[in-house]
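Please read all numbers here as calculations on a predicted model, not as lab measurements. Chain A is the first sequence line, chain B the second, and so forth, proteins listed ahead of strands; every chain is numbered from 1.
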Number of protein chains: 2
Amino acid sequence: MSKLASADSGVPTLAVSTVIFTLRPNQAGAMQLAIALVRRIKKPYLGLWALPGGPLSMNEDLATAASRNLLETTGLHPRYLEQLYAFGNLDRSPNDLAEDRVVSIVYWALVGSEEAAEAVEGENVQWFWADQLDPLAFDHSLIVEYALWRLRNKLEYSRLAHGFLGERFTLAQLREVYEAVLGRALDPGNFRRMVQGNGAVVATSERLEGTRHRPPKLYRYDSSIDLTDQGPLNTGERK
Amino acid sequence: MSKLASADSGVPTLAVSTVIFTLRPNQAGAMQLAIALVRRIKKPYLGLWALPGGPLSMNEDLATAASRNLLETTGLHPRYLEQLYAFGNLDRSPNDLAEDRVVSIVYWALVGSEEAAEAVEGENVQWFWADQLDPLAFDHSLIVEYALWRLRNKLEYSRLAHGFLGERFTLAQLREVYEAVLGRALDPGNFRRMVQGNGAVVATSERLEGTRHRPPKLYRYDSSIDLTDQGPLNTGERK
DNA sequence: GCAAAAGTGTTTGGGTTACACCCATGC
DNA sequence: GCATGGGTGTAACCCAAACACTTTTGC
């Protein structure tokens, strides 16, 4: 509990943060979901890991700000970007700092796994496995948990997986993305039918060579409709 | 990262607005979806209708602010309240006023139809049928459209309908809510099974008397689980 | 030929839809 | 009795899961 109305104590500050997802191969060589975090270099929560973010400047859209701080932290452009939620509880910050109250509008983004391999990583910016995170600064653990939930839910009825892949891909690669995000194995046959059934994906004439078995067809997404259903708000911005 | 960018031109203002839904009987006596709007009493868009809202004060949560401006405009308490989206595009306001840029965090709310009948209505606060709105101020038409889409979607896999009803209700009344929101007729038999199947609703021993046919059982919601699935964020606040 | 993954076919069961039918009450 | 909605039964259909099976390549 702090001051009374805004008259004397100012107004809440507005910030934009981003949960950045990618897929990276783990030790076993399997794809696994990872997120990018930055280390706090000041109080509160000095030294802890947190979501990248910053203030919203006067002349940029919310999504632009999210995209910008993605670029600034990882050097990457998002393949998919969507607003997650606005977090503004009074107790987000430790009590003694309640005077600078921050409302964070959080976005979540997907970046391709090839690009992610070249992303800047350093002392204060690193990738972490999404399913084994230590507690983060502020309410960021909750935010990540919610972002994961949304990603998994949304994957099932849209074409999000494209965000992790290149232009052309085999159905096995696509299935690997699904399996990594959902965390369980899928039947290859049924997966094939599922994904072909809704017209999301079209076969190209090319095949992927160099495997030590029958060469699989390469597919691409049907660019006509981008069914990332957000209803009237269809702006699942791709780079 | 604090107040860097803002140096000369200030920072965007933060506001909270609410899309308030209820069901009201139309001329034909059928329930129909309505929303509460307020008339603009200053520029821009003077005289046009808009969503109720206002600035976020320093010492209140986002949901509290939404609840408060619901109370201030209609005199009512929400039966259900959920965050919708944060709108912050640069072009939300007419160009010549771009200096005071506003980011609106919008909530949507349900209020019971009995209460709504007693809501304050006046020159500057009125109920409108949700499916026949004239263009609203700012981007509020888009916001309402999105809120409608969310309401309809969410109804199908949660227990939102409770937000419109009293403690006890017949399945026909519940079905009427669904039909009003979805805008189409539903099969009574199948509806009954659907709603009983997922355990959302339990029969009481009472019946509704005074009809000129077989008296229907009264039901109530099972208060144990409030499956309004928001994942890790389960706070579908009820009064 | 053999291994391994691509790709296809078939069966099964659960869930939804459409619709027929009986039940209980007021008049 | 009759009209009216409450409430139940059921067959048809659709879709997704499970899993067997065939195909095509590298070695």
Its 5'-most and 3'-most nucleotides having an atom under 4.0 Å from a non-hydrogen atom of chain A, DNA chain D is contacted over dA17(D) to dG26(D)
M194(B) CE to dA18(C) P, in whole Å, measures 14 Å
Is any NZ, NE, NH1 or NH2 atom of the basic residue among R168(B) and E206(B) found under 4.0 Å from an Asp or Glu carboxylate oxygen of the other? yes
Task: Modelled atom types, side-chain donor and acceptor of N190(B) and R193(B), under 3.5 Å - done: yes
Whole-Å distance, E156(B) CD to dG15(C) C1', equals 15 Å
**OP:** Mark yes or no for a side-chain to base donor-acceptor pair under 3.5 Å between R193(B) and dG15(C), with no hydrogen or angle criteria applied.
**Re:** no
Checklist entry - Y80(B) and E82(B): side-chain donor and acceptor closer than 3.5 Å? => result yes
Residues L155(B) and A161(B): closest non-hydrogen pair is CD1-N, 3.8 Å
- prompt: Would you say the base of dC27(C) and the side-chain of R212(B) have a donor-acceptor pair closer than 3.5 Å?
  reply: no
Bend of the helix from dG1(C)-dC27(D) to dC27(C)-dG1(D) from end-axis comparison, five pairs per end, nearest 10°, comes to 10°
Next on the checklist: For a quick check of understanding: with a heavy-atom distance under 4.0 Å over all strands, which category does G210(A) fall into, base, sugar-phosphate or nothing?
Outcome noted: nothing
From CG of L218(A) across to C1' of dA6(C) the rounded distance in Å is 13 Å
inquiry  = Once you apply a heavy-atom cut-off of 4.0 Å, does T170(B) come out as touching a base, just sugar-phosphate, or nothing?
reply    = nothing
Taking dA5(C), dT10(C), dA24(C) as options, the one with an atom nearest any side-chain atom of R214(A) is dA5(C)
Q. How would you label the contact of G197(B) with the nucleic acid (heavy atoms, under 4.0 Å): base, sugar-phosphate, or nothing?
A. nothing
DNA chain C nearest-nucleotide lookup for R175(A) and E209(B): closer to the 5′ end is R175(A)
In whole angstroms, the gap separating C1' of dC21(C) from CG of D187(B) amounts to 13 Å
| field | Any donor-acceptor pair under 3.5 Å from T74(B) side chain to L71(B) backbone | value | no
Open item on the list: For E114(A), is the CD atom crowded, meaning more than 12 foreign heavy atoms sit under 6.0 Å from it?
Closed with: yes
Of R207(B) and H213(A), the one whose nearest nucleotide on DNA chain D sits closer to the 5' end is R207(B)
Identify all side-chain donor-acceptor contacts of residues 122-144 of chain A below 3.5 Å with residues at least two apart in sequence or on another chain.
residue, atom, partner, partner atom, Å
N124(A), OD1, R39(A), NE, 3.3
D139(A), OD1, R92(A), NE, 3.4
D139(A), OD1, R92(A), NH2, 3.1
D139(A), OD2, R92(A), NE, 2.7
H140(A), ND1, L51(A), N, 3.0
S141(A), OG, L136(A), N, 3.0

Assign each of K217(B) and G189(A) the nucleotide of DNA chain D bearing its closest heavy atom; nearer the 5' end lies the nucleotide of K217(B)
Donor + acceptor pair across side chains of Y219(B), Q196(B) (<3.5 Å) | yes
Rounded to whole Å, the CG-P distance (L186(B) to dT16(C)) equals 13 Å
Q) Are the side chain of S113(B) and the backbone of F164(B) linked by a donor-acceptor contact shorter than 3.5 Å? A) yes
